[in-house]
Amino acid sequence: MRIGVLGTGNMADALATHWVRAGHEVIIGGRDARKAELLAARIGGSAKPASLRAAAESGQVVLAALPFGAGADAVRDLHAALEGKVLIDCSNPIGPGFRLLTEQGPSAAQRLAAAAPGAHVVKAFNLCHEDVWRMRPPVFGGRPLAVPVCGDDETALVRVRGLVRDVGCEPVAGGGLERAGLLEATAALFIALWVGEGADAQAIAPPLAYAAGPRGQETEGGAAAVPR
């Protein structure tokens, strides 16, 4: 599959490296031609440098690896080239104090969808630091990292799930694109816990067997919990 990458930063580097290793043809698009050339050379294999427009035109799937704020403007300029294509958004609209910059407005992913209404936008790859995505593969305690995926087009979701597996992770159905804002808010919370508090964000959730309460489990007092 041909994958266009918009951006030459760390997320572009991490994800494109996996996809080249998986056998995909990757076109690295950048505003700065030299940066695109350097990144393509570092990744090697099928990676080729290009302009942002050429990457959008060439890719069957396009990764928007751009900062929040820059992404919608770039995509708006490229909307004709993105018509009918899968557009992956991995951005996090997080500002100083771990504040969610979208506040009560549309999510970053929904803003991309509005900027390129003919594209099939999918939210994914936004919950981890770029160095986690560089791992080969991201497996912790013998369990592959789970990646929530949000989108409205089933064909687009199937393609993105495949790309998640190519990174060595397991895709998780996250619902429609209207739920992308929940993923972005989750990232803001997790980053605030990890970076701001030095806390283990994973510890805030119980095991799956207890997610709906300890039904059928013995409580500490010895009595079984009563279903509600």
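No experiment lies behind these values; they were computed from the predicted model shown. Computation of the quantities below employed the complete heavy-atom set of this structure, encompassing side-chain atoms and omitting hydrogens, waters and symmetry-equivalent molecules.
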Are the side chains of L100 and E184 in touch, meaning some heavy atoms are under 4.5 Å apart? yes
same_hphob_cluster(V167, I28) at 4.5 Å side-chain heavy-atom cutoff: yes
Taking atom CZ as the centre, does R21 end up with more than 12 heavy-atom neighbours from other residues, nucleotides or ligands that are less than 6.0 angstrom away? yes
Verdict with supporting geometry, T17 and R42, side chain to side chain contact (heavy atoms under 4.5 Å, CB included): CA-CA 9 Å; T17 297; R42 183 162 64 251; over 6 Å; no
Shortest non-hydrogen contact from V121 toward A109: CG1-O, 3.7 Å
Is it the case that more than 12 heavy atoms not belonging to L208 sit under 6.0 Å from its CG atom? no
Would you say the side-chain atoms of D166 pair up with the backbone N or O of W19, donor to acceptor, closer than 3.5 Å? no
Test log, rule side chain to side chain contact (heavy atoms under 4.5 Å, CB included), inputs L15 and L63: CA-CA 9 Å; L15 294 174; L63 171 70; 3.9 Å; yes
Kindly say whether W133 contributes a backbone atom to a donor-acceptor pair with the side chain of H18 at under 3.5 angstrom? yes
By salt bridge (charged side-chain N to carboxylate O under 4.0 Å, His left out), R76 pairs with (sequence neighbours left out) D73
List in chain and number order the residues that pass salt bridge (charged side-chain N to carboxylate O under 4.0 Å, His left out) with E37, two or more places apart in sequence or in another chain; answer none if no residue qualifies. R34
Interatomic spacing from CG in L163 to CD1 in I88 - rounded to 0.5 Å: 5.0 Å
Derivation and outcome, side chain to side chain contact (heavy atoms under 4.5 Å, CB included), residues H24 and V61: CA-CA 11 Å; H24 299 290; V61 172; over 6 Å; no
Heavy-atom donor-acceptor pair, K123 side chain to G181 backbone, under 3.5 Å: no
To the nearest 0.5 Å, tell me how far L177 CG sits from S107 OG. 5.5 Å
G7 backbone acceptor or donor facing K35 side chain under 3.5 Å: no
With R53 via salt bridge (charged side-chain N to carboxylate O under 4.0 Å, His left out) - residues at least two apart: none
Just to verify, what does R161 make a salt bridge (charged side-chain N to carboxylate O under 4.0 Å, His left out) with, not counting sequence neighbours? E154
Residues two or more places apart in sequence or in another chain: which of them pass side-chain contact (heavy atoms from CB on, under 4.5 Å) with A55? L6, I27
Expected output: side-chain R111 to main-chain P106 donor-acceptor under 3.5 Å: yes
Are T8 and D32 close enough, and set up right, to give a side chain to side chain contact (heavy atoms under 4.5 Å, CB included), and what steps lead you there? CA-CA 9 Å; T8 56; D32 186 317; 5.9 Å; no
side-chain contact (heavy atoms from CB on, under 4.5 Å) involving A187 - partner list, sequence neighbours excluded: N92, I94, N126, L127
Note: E170-R143 ion pair, threshold 4.0 Å (strictly below): no
